[in-house]
Every structure is written in structure tokens, then in C-alpha cells.
Asks: 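Quick one: the structure is below, questions incoming.
First listed ligand is number 1; within each ligand, the first listed atom is number 1. Predicted, not measured: the structure shown is a model, and the values here were computed from it.
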Amino acid sequence: VDKKLLVKSVRNLPTPSPVLLKIGEVVQDPDSSADDITDVLRLDPALVSKVLKLANSAYVGLPRTVSSLQNAVVILGNKRIHSLVLSSELLNSIKVKKNSSISLNRFWVHSVITALVAESIAKSLRRYEIADEHEIFAGAMIHDIGKLVIAQLSPDEIKMAYEKAASEKKPFYLSEEPEIDHTVMGEYLADYWCFPPNLLSIIRNHHNPGISKEHILAVSIVHMSDITAHVLGYPLFTDEISPGVDNDAIAVVGLPLEQYRIIAENAISDKKKVDALVGMFGDK
Ligand SMILES: [Fe+2]
Ligand SMILES: [Fe+2]
């Protein structure tokens with residue numbers, strides 16, 4: 001495969017919608033209210049139904065039905081809506097062919113489990129005010145977006161890396177072509193979509209948190225959550241060898257190792273919650 005050509009072809013993928021960019025602006029403005037974000041969401045009926053569906057889902061777990069967009073926004077909060085809309089729009093911009101070597105369902109499950117675990121780790125650290133759980137959720141949700149990019153642009157690349165990983169009994173990411181692996185390709189797409197730098201760092205460095213110069217905590221949390229998802233039995237490919245744990249990430253997050261399993265099992269114990277998110281993201 002021509003690496004330069006592959007990188008260039010990221011520019012042929014869909015671009016972010018104006019509504020998504022506008023939501024980003026609204027959330028950045030410290031004076032913005034729930035009404036401001038409601039006004040922008042209204043411009044995109046597909047997003048309106050997504051947000052309503054989510055507010056009524058087991059992910060939120062409310063006893064009453066939420067029927068107005070305004071209420072849904074108040075319940076979910078601007079930052080959470082932003083992180084959910086941002087990650088779902090990016091992930092759904094890639095239409096992977098049915099016969100690709102990636103199982104989309106496994107992809108959604110791996111991403112959602114990683115995101116729920118990451119969100120819980122961030123929450124458990126929150127008393128120190130150092131990790132934003134919404135940003136971390138979005139970052140974890142899209143950490144492997146590069147795999148979808150490659151599956152779309154050059155499906156053979158995924159198949160070759162997977163077969164190499166299986167025959168050499170190595171983690172998938174160590175069997176990919178350098179310079180066009182899923183962390184590089186994912187970062188290209190997210191950068192093309194003008195994603196904030198912390199999300200770019202997560203995508204680029206989630207297998208090597210030690211080399212990340214910035215956003216080290218966010219990258220380390222997603223690194224630990226990704227591995228936790230593998231260890232708990234939710235890898236992308238069947239019989240995939242789990243990536244190794246980075247010692248720097250363990251030190252940065254600072255939780256005892258046995259805590260990860262406890263946090264993760266709590267975060268994903270409600271199967272309906274997991275299914276609701278898989279349904280929302282996997283919905284085409
Ligand atoms: Fe990855
Ligand atoms: Fe992953």
C-alpha cells in the first residue's frame with residue numbers, strides 16, 4: 001500500500017457537519033446555557049432524536065419519559081451532550097463495508113466498554129479535580145477510530161495485520177504497518193475534524209502513554225481502560241492478544257491494580273446501560 005496515498009485519502013472521508021462545529025463553539029463558551037445548545041441541536045433532526053433516545057435510555061436510567069429536547073438537554077448536560085455527539089458523529093462518519101474483517105458490533109462493544117470504564121476511573125479521581133469524565137468518555141469512545149478508517153480506506157491492511165498478530169501471537173497494534181497504523185490514521189481523521197488536542201493525544205498515544213507529552217492523565221486513563229476491556233473479554237478480534245500495560249500509565253493514574261477490575265465490573269454491570277450505548281453508537 002502507498003502510505004502517502006492512504007494518508008491523503010483521509011481527505012476524501014466526510015467532514016464534520018456545521019451543527020457539530022457550532023455545538024463545539026457553544027460548549028466552549030462559559031456563558032452558554034442549556035437553551036443555547038438546544039437551539040443548535042434543533043437544526044439537525046437526526047441529532048434531536050438521538051439525544052431524546054439517549055435521555056430515555058438505560059444509560060441515564062430515569063423513571064419518567066423525557067419527551068422534550070429541552071428537558072433532555074437539562075438532564076444530560078451540555079458537556080455530556082457534546083462528548084456524546086462529538087464521538088458518535090465521528091464514528092458514524094465512517095461506513096465500514098459489511099464484508100470487512102472488522103465486526104462492527106464487536107467494535108462498538110469494545111469502544112463502549114472502554115468508555116464506561118474510563119468514565120468511572122475519571123469519576124473516581126474526580127475528588128482531586130484532575131480528570132474531566134466527559135472528555136475522557138469521548139476520548140475512550142473514539143480511541144480506536146483509526147481501525148474504522150483503515151477498514152474503510154484499505155481493508156486488506158486490517159486483515160494482514162490481524163493475521164500477522166494471530167500467527168505471531170502479538171497484540172494487533174504491534175502487527176500494523178508503521179506510519180499508517182490505527183493511532184496515526186485515527187489522529188489524522190480527528191485532526192481533520194478539528195477535534196480538541198486532548199482527544200488527539202488519546203487517539204495517538206493510547207498504546208504508548210509514556211511518550212505523550214501532554215494530556216498524560218487522560219491518555220493513561222484510556223490506556224488502562226482499553227486494557228481492562230481486553231482483559232474482561234471485550235477485544236475487537238476473537239482470540240486477540242491483549243496489549244501490555246504501560247508502567248508509566250499505572251503510576252500516572254495511581255490506582256492499585258486490583259481497583260481496575262472492581263471499577264470496571266461496576267461500570268459495566270448494568271447490561272442494559274451497555275446495550276443502550278451500543279445501540280446509540282451502532283445505529284445507522
Ligand atoms: Fe488501539
Ligand atoms: Fe482498543
Side-chain angles (χ1 to χ4, degrees), residues 10 87-88 90-91 94 96 100-122 136-154 157-162 164-166 170-191 195 198-212 215-216 218-246 248-249 253 260 263-264 267-268 274 277-278 281-282:
V10 168
S87 43
S88 98
L90 182 78
L91 288 162
I94 315 273
V96 175
S100 133
S101 42
I102 281 190
S103 149
L104 268 186
N105 186 57
R106 291 186 73 100
F107 182 87
W108 298 125
V109 172
H110 172 73
S111 305
V112 164
I113 300 274
T114 306
L116 285 172
V117 173
E119 180 187 49
S120 287
I121 294 174
I136 304 249
F137 180 95
M141 203 54 227
I142 60 175
H143 75 281
D144 278 336
I145 177 74
K147 290 179 185 169
L148 294 188
V149 174
I150 300 168
Q152 157 95 7
L153 297 176
S154 182
E157 230 27 71
I158 293 275
K159 205 168 166 258
M160 270 157 30
Y162 168 68
K164 192 173 167 212
K170 282 200 297 195
F172 176 84
Y173 83 98
L174 291 175
S175 306
E176 289 179 290
E177 274 288 310
E179 295 163 63
I180 50 161
D181 64 46
H182 76 281
T183 64
V184 173
M185 296 304 287
E187 192 195 22
Y188 278 129
L189 179 67
D191 187 36
F195 270 36
N198 54 345
L199 297 187
L200 300 185
S201 294
I202 289 173
I203 295 174
R204 183 58 183 265
N205 298 321
H206 69 271
H207 290 296
N208 275 308
I211 61 163
S212 199
H215 322 110
I216 298 168
V219 175
S220 300
I221 291 175
V222 174
H223 171 81
M224 298 303 292
S225 310
D226 180 31
I227 289 167
T228 306
H230 276 273
V231 171
L232 290 180
Y234 303 98
L236 176 55
F237 302 106
T238 36
D239 305 327
E240 191 180 343
I241 308 279
S242 170
V245 185
D246 183 287
D248 292 336
V253 182
Y260 289 96
I263 289 176
I268 63 173
V274 176
L277 285 170
V278 170
F281 283 95

Asks: Please work out the angle at the Fe ion (ligand 1) defined by atom NE2 of His182 on one side and atom NE2 of His207 on the other, rounded to 10°.
Replies: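 That angle is 90°.
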Asks: Is it the case that His182 and His143 place a side-chain donor and acceptor less than 3.5 Å from each other?
Replies: no
Asks: Under a plain distance cut-off of 3.5 Å, with no hydrogens placed, do His215 and Asn205 share a side-chain donor-acceptor pair?
Replies: no
Asks: Do His110 and Asp226 pair up side chain to side chain, a donor and an acceptor below 3.5 Å, judged on atom types alone?
Replies: yes
Asks: Looking at the Fe ion (ligand 2), which N/O/S atom of Asp226 is the nearest one?
Replies: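 The Asp226 atom nearest to the Fe ion (ligand 2), restricting to N, O or S, is OD1.
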Asks: Assess, by modelled atom type and distance only, whether the side chains of Thr183 and Asp181 contain a donor and an acceptor separated by less than 3.5 Å.
Replies: yes
Asks: Among the N/O/S atoms of His206, which is closest to the Fe ion (ligand 1)? Give the atom name.
Replies: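 Result: NE2.
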Asks: Are any N, O or S atoms from Asp144 nearer to the Fe ion (ligand 1) than 2.8 Å?
Replies: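 For Asp144, the answer is yes, given that an N, O or S atom comes within less than 2.8 Å of the Fe ion (ligand 1).
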Asks: Please report whether the ring centroid of Tyr162 lies less than 6.0 Å from that of Phe172.
Replies: no
Asks: Please confirm if an N, O or S atom belonging to His143, backbone or side chain, lies less than 2.8 Å from the Fe ion (ligand 1).
Replies: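 His143 does not place any N, O or S atom closer than 2.8 Å to the Fe ion (ligand 1).
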